Amino acid sequence: MTEEIKATKTLDVCGEICPYPDVKSMATLKKMEKGEVLEILLDYPLSVERLPRNAAKWGHKVLTVEQLEGPNHRIMIEAFGLK
Amino acid sequence: MTGPILTGLLVGLAFGFALQRGRFCMNSAFRDIVTMKDYTLLKTVGLALLVSMLGFGIMAMTNIITPNPKPILWGGNIIGSFIFGIGMVLAGGCASGITYRVGEGMVGAMTAVLGLTLTAIVTAMGFLKPVKTALQAVKVPAEGASITVASILNLPYATVAIGGAIILGLIWWFFARKNKGGEVFDAHKDASLKDKIFKYGWPWVATGVAIGLISIVAFPLSAAAGRNYPLGITSGWIKIGQMVMPSVPFADSLKWDMWLIVGTVVGAAIAALIAKEFKLRVPPGRMLVQTFIGGSLMGFGAVCSTGCNIGHILSGVPQLSIGSMIAGISIVLGSWLAAWFMFVRPMAKE
């Protein structure tokens, strides 16, 4: 186990179709303060790859991409503070 | 009889596997440009088109295939494909995207496919047939060979396809070299090759080449089964739908393009199961309605335009058909219009 990362907020977008996991996560990150951590729970494979890529592009810091069970993933992203 | 079953199924299995591993979807490819300025899947589509074009050109030169480009259908290609483009954003996937996601267990994709199949059938032979006939009234040329980039240049198809693929490839390589961006986030840089193939999504270059190669192999195999055209999605779903229609003989459904779809769904399911990505995923109820409506618009548009994003863009553009290029542009514009209303505008307001 790596050191525990505390999430400021959790967003569950499991079951959502393309591209809602990305759109909802990015919209949430945009409203968060710098340094706050968003925990995203998702199960859509395309978004598991696309979301970290785009979040990094916007300056957010991708902390972990962790596979849970099957396609379920937990992604932790530290907000850049775009507010 | 066993020939088309076997080759259609095998091509489908490979296609479904590659679609799932590469997360290949033209809806994402076109929509992501305007919603998140992400060009990854667009590059995949571009590479698949170049590989197909080069392969089709070489096969035409060596008489392995006879190109069969679609004619221009002004109403169908412009209006039908535009509606298709709007539909795929609502459906959350292009024709091939929703097909492979059925194999992944995504229920939203299943309702989209249901809408696509039902509406494609009523547009092809049901109460919407007069609309289709009206949209397809103006056809250029009325008879004879279709208008292609090669026919406009008055050059052999193989010359333009091979030359065009090489020139476009070089231009792309030149600009890609000049605009080398920063490091792309990659969570699986140090994974083993086996994991990179079976566990994680493929890099865009691998997916583009794989889809291009499958499209090349599909052409002569489909032609040998009496269907002289490369990959296509909508016609296969129509044939699956017709299986439960008493008015259509069952044997009419057992064609190459139908087996291709069966193979695609199964291939995607196998890829998803190996990667542990298979799961029945049910979106909120209103999403099921939205994807059904989206799929229905796609089915209507694809039949009016005689092709979906695969038939027109992946298969038609490398055959240099002007009609397919018009349809392709209309699909992109339709998807941008829908994406702007659904994602760009609401995100800007927040």
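In what follows, chains are A, B, ... by sequence order, proteins preceding strands, each numbered from 1. In this text the structure is predicted, and so the values were computed from the model without any measurement.
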Does any heavy atom of chain A fall under 4.5 Å from the side chain of [X], the backbone, both, or neither of them?
| X | answer |
| --- | --- |
| B:A339 | neither |
| B:N27 | neither |
| B:A109 | neither |
| B:L280 | neither |

Under 4.5 Å heavy-atom distance to chain B, tell me which part of [X] shows up: side chain, backbone, both or neither.
| X | result |
| --- | --- |
| A:Q67 | side chain |
| A:N54 | side chain |
| A:Y44 | both |

Just give me the residue among A:D43, A:V48, A:N72, A:V23 that pairs up with chain B most often, heavy atom to heavy atom, under 4.5 Å. A:D43
Of the listed residues (A:M26, A:R50, A:K57), which shares the most heavy-atom pairs with chain B below a 4.5 Å separation? A:R50
Residues B:F292, B:L118; criterion side-chain contact (heavy atoms from CB on, under 4.5 Å); working and verdict: CA-CA 10 Å; B:F292 181 82; B:L118 290 175; 4.2 Å; yes
Option in B:R101, B:M106, B:E104 with maximal non-hydrogen atom pairs under 4.5 Å from chain A: B:R101
Between the side chain of A:R74 and the main-chain N/O of A:V65, is any donor-acceptor distance below 3.5 Å? no
Let's go through B:C308 and B:M298 carefully: what are the C-alpha distance in whole Å and the side-chain angles of both, what is the deciding distance for side-chain contact (heavy atoms from CB on, under 4.5 Å) to 0.1 Å, and is it a yes or a no? CA-CA 8 Å; B:C308 59; B:M298 290 165 76; over 6 Å; no
Going by side chain to side chain contact (heavy atoms under 4.5 Å, CB included), B:W336 matches just one of B:V344, B:T35, B:V34. Which one? B:V34
Minimum heavy-atom separation for B:V107 and B:P283, please, with both atom names. CB-CD, 4.4 Å
Distance-minimising heavy-atom pair for B:M342 and B:V89: SD-CG1, 3.8 Å
Look at the rings of A:F80 and A:H60 and say which category their plane angle falls in: under 30° parallel, 30 to 60° tilted, over 60° perpendicular. perpendicular
